[in-house]
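Report on one structure; see the data block that follows.
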Number of protein chains: 2
Amino acid sequence: MDKNVMFHKFVTFTAAVHQITNEMTKEVKLEGITPVQYKILEYIAVSQPITLSEISDCMHMSMPNTSRELRKLSEKKLCEKMTDEDDRRKQSIRLSEEGQAMMNEVFKHMESQFIERIAQVSEQELQEIEHALELLQRKVFY
Amino acid sequence: MDKNVMFHKFVTFTAAVHQITNEMTKEVKLEGITPVQYKILEYIAVSQPITLSEISDCMHMSMPNTSRELRKLSEKKLCEKMTDEDDRRKQSIRLSEEGQAMMNEVFKHMESQFIERIAQVSEQELQEIEHALELLQRKVFY
DNA sequence: CTCTTTTGTTATCAAATGATAATTAAAGGA
DNA sequence: TCCTTTAATTATCATTTGATAACAAAAGAG
């Protein structure tokens with residue numbers, strides 16, 4: 001198997017994933033929240049509990065800027081910071097109930113788009129899709 | 001097949017894709033180019049030729065802002081705009097040679113990371129991965 | 001007990017980005 | 001032809017974001 005060819009398929013694929021997920025969240029209007037803040041919430045939602053430096057690291061944001069945005073999110077009551085009792089330097093961050101509710105709305109909207117998208121797919125193909133998702137996550141996107 | 005369960009796997013999967021592709025471009029230092037401009041270049045790279053409104057649409061950016069960023073990219077000689085001869089309102093946009101060279105560098109870096117990532121995967125598994133990428137792109141991320 | 005490293009914060013400033021209004025030019029329909 | 005729509009541009013302004021320096025507190029190493 002030519003790994004260059006594989007890589008090309010990889011690039012095309014990841015581009016498609018970005019494009020489709022972008023489309024799925026397009027119409028969702030997030031009031032009083034900036035794009036970067038939304039991205040952070042999304043990341044917390046799938047990774048909570050999480051520390052500030054992990055967010056900083058993963059989002060390519062400096063610690064000071066991450067800290068500032070998290071303060072804003074806390075002020076908006078969308079997430080909560082707790083000092084980790086094992087290492088009191090660390091902050092354990094999760095969505096607040098309000099933040100969770102907001103993200104649930106977003107996910108609900110995405111889900112309806114997703115269901116639409118796979119509406120005409122047969123039961124057997126669904127199983128293949130599920131298998132493919134798991135395989136790729138295990139072997140490539142781990 | 002429970003579509004809620006499917007959706008959950010979908011969300012986890014897309015989150016992983018975002019995270020890994022983020023990581024892969026993390027160390028690449030793009031001089032004299034902003035994050036938004038990079039994203040635009042990346043999009044042009046996989047979709048060229050493309051029009052301004054398509055970029056605007058897909059990137060959730062207003063036309064004026066898209067126009068401004070493309071002007072900056074053109075000034076930096078990273079992309080080229082040509083009026084479409086079939087519809088002279090439209091602009092056909094592609095990477096310049098310089099822009100293409102820049103993105104090639106980025107892709108080269110990503111490729112080495114990708115190769116590393118699949119280094120210990122067997123030939124048969126590679127074929128399965130290739131098949132999975134194609135299946136998902138055809139059935140879900142189209 | 002010092003010294004260093006890790007984790008996070010506050011403050012500040014320039015630059016990038018988002019939003020909006022007004023304008024131009026081409027295309028298309030009646 | 002006139003009117004409307006589409007594609008793109010220019011200009012402007014407030015807000016967000018990125019970068020940096022200086023600092024504090026906890027953990028860890030010697």
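Computed from a prediction, not measured in an experiment: that's the story for all the values here. Naming convention: chains lettered A, B, ... in sequence-line order (proteins, then strands); numbering from 1 in each chain.
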Return the 5'-most residue of the pair Pro64(A), Ser67(B) with respect to DNA chain D, ranking by each residue's nearest nucleotide.
-> Ser67(B)
Which comes earlier along DNA chain D counting from the 5' end, the contact point of Met63(B) or that of Arg68(B), where each point is its nearest nucleotide?
-> Met63(B)
Please lay out, stage by stage, how Lys72(A) and Glu75(A) fare under the test salt bridge (Lys or Arg N to Asp or Glu O under 4.0 Å).
-> CA-CA 5 Å; Lys72(A) 289 183 191 165; Glu75(A) 280 166 7; over 6 Å; no
Please indicate whether Arg88(B) has more than 12 foreign heavy atoms, meaning atoms of other residues, nucleotides or ligands, lying under 6.0 Å from its CZ.
-> no
Using the salt bridge (charged side-chain N to carboxylate O under 4.0 Å, His left out) criterion, which residues pair with [X]? Sequence neighbours excluded.
X	answer
Asp87(A)	Arg89(A)
Glu105(A)	Lys108(A)
Lys139(A)	Glu125(B)

Between the first and last five pairs of the helix from dC1(C)-dG30(D) to dA30(C)-dT1(D), the angle of the axes, rounded to 10 degrees = 40°
Qualifying residues under side chain to side chain donor-acceptor pair (under 3.5 Å), relative to Glu98(B), sequence neighbours excluded | none
Are [X] and [Y] side-chain neighbours, meaning at least one heavy-atom pair lies under 4.5 Å?
X	Y	value
Asn65(B)	Val36(B)	no
Ile44(B)	Met103(B)	no
Gln48(A)	Gln100(A)	yes

Parallel, tilted or perpendicular: which describes the rings of Phe141(B) and Phe13(B), with under 30° parallel and over 60° perpendicular?
-> tilted
Contact boundaries on DNA chain D for chain A, cut-off under 4.0 Å to non-hydrogen atoms | dT16(D) to dA27(D)
Those residues of residues 34-57 of chain B lying under 4.0 Å from DNA chain C by at least one heavy atom = Thr34(B), Pro35(B), Val36(B)
Proximity to DNA chain C (any heavy atom under 4.0 Å), residues of residues 86-94 of chain A only | Arg89(A), Lys90(A), Gln91(A)
So Ser47(A) and Glu54(A), side chain to side chain contact (heavy atoms under 4.5 Å, CB included) or not? Walk me through it.
-> CA-CA 10 Å; Ser47(A) 311; Glu54(A) 287 171 320; over 6 Å; no
What residue pairs, at least two apart or across chains, pass ring-ring contact (aromatic ring centres under 6.0 Å, His included) with a residue in residues 14-58 of chain B?
-> His18(A)-His18(B)
Set of residues satisfying side chain to side chain contact (heavy atoms under 4.5 Å, CB included) with respect to Asp84(A), sequence neighbours excluded | Asp86(A), Lys90(A)
Would you please say whether a donor-acceptor pair under 3.5 Å links the side chains of Glu128(B) and Gln124(B)?
-> yes
Give the table of side-chain donor-acceptor pairs shorter than 3.5 Å for residues 112-119 of chain B, with sequence neighbours excluded, one pair per line with atom names and distance.
residue, atom, partner, partner atom, Å
Ser112(B), OG, His109(B), O, 2.9
Arg117(B), NH1, Val140(A), O, 3.0
Arg117(B), NH1, Tyr142(A), O, 3.1

5'-most to 3'-most nt of DNA chain C touching chain B (<4.0 Å, heavy-atom partner on protein side) reads dA16(C) to dA27(C)
